[in-house]
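Encoded as structure tokens, the structure appears first; notes follow it.
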Amino acid sequence: MGGLDGRTIAFLAAPEGTEQVELTEPWRALREAGATNRLLSTEAGTIQAFDHLDRADTFAVDGVVGEADPSAFDALVLPGGVANPDALRTDEAAVDFVRRCAETGTPIGVICHGPWTLIEAGVVRGRTLTSYPSVRTDLVNAGATWVDQEVVVCRDGAGPIVSSRRPDDLPAFCSALVAAFA
């Protein structure tokens, strides 16, 4: 296995709108490194992932975020897509979970539009991140420094935040997640 043996990673996704590859590729990379992954959502049941704007596969939810204890997880991954983080940032329990993870130093991975949830949680001020280009202004307005790089590992805070821009950046993002979460 790898450097993540014995670690449990939370993946947080809304019931609809997660970009499938931004869920499945980090999931695979972390599992191959030895992690136990758990899918959290705002509702029990399944989530509907998307391949850009087309419906893709569904995935079984392991737990409801409002009932989850952040201290039970060694790291958090926030997949992107446009609709997923837009839904999460309006869910009080999801935002609270993300805020509590960030405040206690839990390493966080975030890709694409995922930083919207971090912004809503109020945890990006003073941090350096990347994202899908359309999220740049939101990050800057929330006090973050935005850079256009395939992956950024920011250690200027309680715990590292690994951020990436888009599906094309997934190889670099997945490698950085494994390293930062180990």
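- If you take SG on Cys154 and CZ on Arg127, they are separated by 4.0 Å, rounding to the nearest 0.5 Å.
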Query raised in the report: Would Ile108 and Leu78 satisfy side chain to side chain contact (heavy atoms under 4.5 Å, CB included), going step by step from the backbone distance to the final call?
Result: CA-CA 8 Å; Ile108 297 173; Leu78 299 170; 4.3 Å; yes
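- At distances below 3.5 Å, at least one donor-acceptor pair connects side-chain atoms of Ser164 with backbone N or O atoms of Glu150.
- With contacts defined as side-chain heavy-atom distances shorter than 4.5 Å, the pair Ile161/Leu118 qualifies.
- At distances below 3.5 Å, at least one donor-acceptor pair connects side-chain atoms of Glu22 with backbone N or O atoms of Gly80.
- Contact of the Thr128 side chain with the Trp146 side chain is not registered, since no non-hydrogen atoms from C-beta on lie closer than 4.5 Å.
- Ile9 and Val61 fall within a single hydrophobic cluster, where Ile, Leu, Val, Met, Phe, Trp and Tyr are joined by side-chain heavy atoms under 4.5 Å apart, directly or via other members.
- Side-chain atoms of Arg7 come within 3.5 Å of backbone atoms of Phe181 as a donor-acceptor pair (strictly under, hydrogens ignored).
- Note: the hydrophobic cluster containing Trp27 does not contain Val110 (ILVMFWY, side chain heavy atoms under 4.5 Å, direct or indirect links).
- The nearest pair of heavy atoms linking Ala83 to Gly17 is CB-CA, 3.8 Å.
- When all heavy atoms of Val98 and Leu76 are compared, the pair lying nearest together is CG2-CD2, 4.0 Å.
- With no hydrogens or angles considered, a side-chain donor-acceptor pair links Trp116 and Asp138 at under 3.5 Å.
- Heavy-atom minimum distance, Pro26 versus Phe173: CG-CE2, 3.9 Å.
- Residues Ser41 and Leu12 form no side-chain contact, since every pair of their non-hydrogen atoms from C-beta on lies 4.5 Å or further apart.
- For the residue pair Asn84 / Glu19, no side-chain donor-acceptor distance below 3.5 Å is found, with atom types taken as modelled.
- Counting all heavy atoms, side chain and backbone alike, Ala180 lies closest to Val162 at CB-CG2, 3.6 Å.
- Atom CG of residue Leu23 and atom CZ of residue Arg28 lie 12.5 Å apart, to the nearest 0.5 angstrom.
- Under the 4.5 Å side-chain heavy-atom criterion for Ile, Leu, Val, Met, Phe, Trp and Tyr, Leu39 and Phe73 are members of distinct hydrophobic clusters.
- Taking every heavy atom of both residues into account, Cys112 and Gly81 meet most closely at SG-N, 4.0 Å.
- Side-chain contact between Phe59 and Thr24 is present, with at least one heavy-atom pair separated by less than 4.5 Å.
- For the pair Ala14 and Ile47, the tightest heavy-atom approach, listed with the atom from each and the gap, is O-CG2, 3.4 Å.
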Query raised in the report: Would Thr117 and Glu120 satisfy side chain to side chain contact (heavy atoms under 4.5 Å, CB included), going step by step from the backbone distance to the final call?
Result: CA-CA 5 Å; Thr117 311; Glu120 192 65 31; 5.6 Å; no
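- Between Glu103 and Arg100 there is no salt bridge, since no side-chain nitrogen of the basic residue lies less than 4.0 Å from a carboxylate oxygen of the acidic one.
- With a 4.5 Å cut-off on side-chain heavy atoms, Arg166 and Ser131 do not count as touching.
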Report task. Determine, stepwise, if the pair Arg55 / Glu16 fulfils salt bridge (charged side-chain N to carboxylate O under 4.0 Å, His left out). Result -> CA-CA 9 Å; Arg55 288 183 181 275; Glu16 287 207 12; 3.5 Å; yes
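- For Thr130, there are no side-chain hydrogen bond (donor to acceptor under 3.5 Å, both in side chains) partners two or more places apart in sequence or in a different chain.
- From Leu30, atom CG reaches atom CD of Glu32 across 9.5 Å, with rounding to the nearest 0.5 Å.
- Atom CZ of Arg136 has 12 or fewer neighbouring heavy atoms from other residues, nucleotides or ligands inside a 6.0 Å radius.
- Remark: Gln48 pairs with no residue by the side-chain hydrogen bond (donor to acceptor under 3.5 Å, both in side chains) rule, at least two apart or across chains.
- Inter-residue side-chain proximity for Asp74 and Thr106 is flagged as unmet; no heavy-atom pair is nearer than 4.5 Å.
- Side chains of Ile111 and Arg165 form no contact here, defined as non-hydrogen atoms less than 4.5 Å apart.
- From Thr145, atom OG1 reaches atom CZ of Arg125 across 10.5 Å, with rounding to the nearest 0.5 Å.
- Thr90 places a side-chain N or O within donor-acceptor distance of the main-chain N or O of Ala87, the cut-off being under 3.5 Å.
- Between the Arg99 side chain and the Val123 main chain, no donor and acceptor come within less than 3.5 Å of each other.
- Distance CG/Asp62 to CZ/Phe11: 11.0 Å, rounded to 0.5 Å.
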Requested in this report: Kindly determine whether Tyr132 and His113 satisfy side chain to side chain contact (heavy atoms under 4.5 Å, CB included), including the steps that lead there.
Outcome: CA-CA 6 Å; Tyr132 196 77; His113 291 75; 3.5 Å; yes
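- Two different hydrophobic clusters hold Val152 and Leu139 under the rule that ILVMFWY side chains link at heavy-atom gaps under 4.5 Å.
- The residue from Thr58, Asp51, Asp57 that alone fulfils the side chain to side chain donor-acceptor pair (under 3.5 Å) condition with Gln20 is Asp57.
- A donor-acceptor contact shorter than 3.5 Å is absent between the side chain of Arg89 and the backbone of Ile119.
- Leu129 and Leu88 fall within a single hydrophobic cluster, where Ile, Leu, Val, Met, Phe, Trp and Tyr side chains are chained together by heavy-atom contacts under 4.5 Å.
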